[in-house]
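So the structure is just underneath, and the comments pick up after that.
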Amino acid sequence: MQKESQNAIPDHRPAGLGCGRPTEITALATHVPPRVLTNADFEKMVDTTSEWILQRTGIVERHVVEPGIASSDLGAAAAKKAIAQAGLTPDDIDLIIVGTTTPDMFFPSTAALIQHKIGASHAWGFDLAGACSGFTFALATGSQLVSTGRHNHALIVGADVMSSITDYQDRATCVLFGDGAGAAVVSAAKDPSLAILDFAHEVDGSGAPFLQMPAGGSLRPATRETVEQRLHFIKQDGQAVFKFAVRKTEEISRLIMQRNNLTPDDIDLFVSHQANMRIIKAAGERLGFPECKVMINLQRYGNTTAATIPLALHDAIADGRLKKGNLVLLASVGAGFTVGSVLLRWAY
Ligand code: UT7
């Protein structure tokens, strides 16, 4: 892992989005499958207790799909709602970017499958492998492509069926993850002051050993042995990821605030990736955010990887905690490692 001193934040990158037109999120919607796994359910599956799961993670329940339901199904359901909410039709969408760690299959892309399922007849698109930073990475990418004027409406999807790669015999990981999707429509900003303002993203591949699915890719194609060794499931060094997540969530958030001349007082809502309540609270405290400014909803969904941030934004709107004009800071840390942050002023 790269080492930096606590105080010196390396920042050679310019703030802001460049010279293009401002962009905004015009609509956001989510979808989770109806089936719920509670902490009590895990007591029957592995050697754990509801108390351990709640105290160590903050998670109470998570949604999981029935067999035959894939990331494209969850993503398409969220996308249809978001497009309608934006007052658009699928034909208006120029571009679909899907952040996912659990594509329906290696190929074709989940973006192509969603394009077909929603009938977005004029769109091109692609999948983006940013793990838990899938939504922040996809949001910044789509924003840039709309910003140039070359595209008018980008559909940004974070969708994951984590239950498809979760080992329900491994108590250290199986209690953490859930399935879900969120979709946002990104368009030219109607009011340039209510826009996506900045992003700062990083990857650090030295973190790969700490969180990965070891087999099934080109390095270790599926064999009888890889299946028997349960290598097609998530493997995680929880403590290493925990420490990195707290440090980098703070660091990337500080960086983007500093270069936009902002203090925690200026931020109305801090929406971090939802992996562990203790990570979010530790990062929020280090940054100096009061609890009321820190969005936490992983109690209900667990870690849905690329879907956590849109699920949190959606619940913040529903709870009246996110309103038009609010300054919002998104932050994510995930496998790779990936690190993301997006600063935006909420547009609706
Ligand atoms: O989204 C991407 C990234 N992922 C994350 O951000 C996750 C980061 N990591 C974490 O959230 C935490 O490290 C975990 C929730 C995974 C684990 O919490 P922890 O406080 O770091 O626990 P630990 O790994 O240090 O394990 C403590 C003990 C161990 O037992 P011993 O060795 O002390 O006897 C584990 O075997 O807890 C045990 N343990 C469990 N006990 C009951 C691990 N999982 C469970 C479980 N139920 N489900």
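Order of appearance sets the numbers: ligands from 1, and atoms from 1 within every ligand. Worth saying up front: this structure is predicted, and the values here are computed from it rather than measured.
For Asp237, there are no side-chain hydrogen bond (donor to acceptor under 3.5 Å, both in side chains) partners, not counting sequence neighbours.
For Val241, no nitrogen or oxygen atom sits less than 3.5 Å from a nitrogen or oxygen atom of ligand 1, counting backbone and side chain alike.
Listed by number with element, the atoms of ligand 1 under 4.0 Å from a non-hydrogen atom of Ala275 are 1 (O), 5 (C), 6 (O). When each atom of ligand 1 is checked for a heavy atom of Ala172 under 4.0 Å away, the hits are 16 (C), 44 (N). Near Ile279, with a cut-off below 4.0 Å to any heavy atom, the atoms of ligand 1 are 6 (O), 8 (C). Using a 4.0 Å cut-off to heavy atoms of Thr57, the atoms of ligand 1 that qualify are 15 (C).
There is a protein heavy atom closer than 4.0 angstrom to atom 21 (O) of ligand 1. Distance check for atom 33 (O) of ligand 1: every protein heavy atom is found at 4.0 Å or beyond. Distances from atom 44 (N) of ligand 1 to the protein include at least one heavy-atom value under 4.0 Å.
Looking only at heavy atoms of the protein, atom 25 (O) of ligand 1 is closest to Gln239 NE2, 2.5 Å. Cys132 SG, 3.4 Å is the protein heavy atom nearest to atom 2 (C) of ligand 1. With hydrogens left out, the protein atom closest to atom 14 (C) of ligand 1 is Asn276 ND2, 4.4 Å, a heavy atom. The protein heavy-atom contact nearest to atom 30 (O) of ligand 1 is Arg171 NH2, 4.2 Å. From the protein, the heavy atom lying nearest to atom 9 (N) of ligand 1 is Gly238 O, 3.0 Å. Scanning the protein for heavy atoms near atom 18 (O) of ligand 1, the closest one is Arg278 NH2, 3.4 Å. The closest protein non-hydrogen atom to atom 4 (N) of ligand 1 is Gln236 OE1, 2.9 Å. With hydrogens left out, the protein atom closest to atom 27 (C) of ligand 1 is Arg56 NH1, 3.6 Å, a heavy atom.
Contact between Arg62 and Gly302 at its shortest, heavy atoms only, is CB-N, 4.1 Å. Considering all non-hydrogen atoms of both residues, Arg259 and Ala200 come closest at NH2-CB, 3.8 Å. Scanning all heavy atoms of the two residues, the minimum distance from Val294 to Gly284 falls at CG2-CA, 4.4 Å. In terms of heavy atoms, Ile267 sits closest to Leu343 at CD1-CD1, 3.9 Å. Heavy-atom minimum distance, Lys81 versus Thr30: NZ-O, 2.6 Å. Minimum interatomic distance between Gly180 and Leu74 (heavy atoms only, all atoms of both residues): N-CD1, 3.7 Å.
At a heavy-atom cutoff of 4.0 Å, ligand 1 is contacted by the side chain of Trp52 but not by its backbone. Contacts with ligand 1 closer than 4.0 Å are made by side-chain heavy atoms of Leu211 only, the backbone lying farther away. Residue contacts with ligand 1, taken as heavy atom pairs separated by less than 4.0 Å, involve Thr48 via backbone and side-chain atoms alike.
The closest approach between any non-hydrogen atom of Asn303 and ligand 1 is below 4.0 Å.
When the heavy-atom distances from atom 16 (C) of ligand 1 to Val246, Thr249, Leu176 are ranked, the shortest goes to Leu176.
The ring pair (Phe, Tyr, Trp, His ring centres under 6.0 Å) contacts involving residues 24-60 comprise nothing, where partners must be two or more places apart or lie in separate chains.
Other residues, nucleotides and ligands contribute at most 12 non-hydrogen atoms within 6.0 Å of the CD atom of Glu291. Counted within 6.0 Å of CZ on Arg21, heavy atoms from surrounding residues, nucleotides or ligands total more than 12; the atom is thus considered enclosed.
In this structure, Asp94 contributes its side chain and Ala154 its backbone to no donor-acceptor pair below 3.5 Å.
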How far apart are the C-alpha atoms of Lys281 and Glu285, what are their side-chain angles, what is the distance that settles it, and do they pass the salt bridge (Lys or Arg N to Asp or Glu O under 4.0 Å) test? CA-CA 6 Å; Lys281 286 193 169 172; Glu285 276 168 25; over 6 Å; no

Show your working on ring-ring contact (aromatic ring centres under 6.0 Å, His included) between Phe337 and Phe244 and close with a plain yes or no. CA-CA 9 Å; Phe337 289 119; Phe244 185 84; 3.9 Å; yes

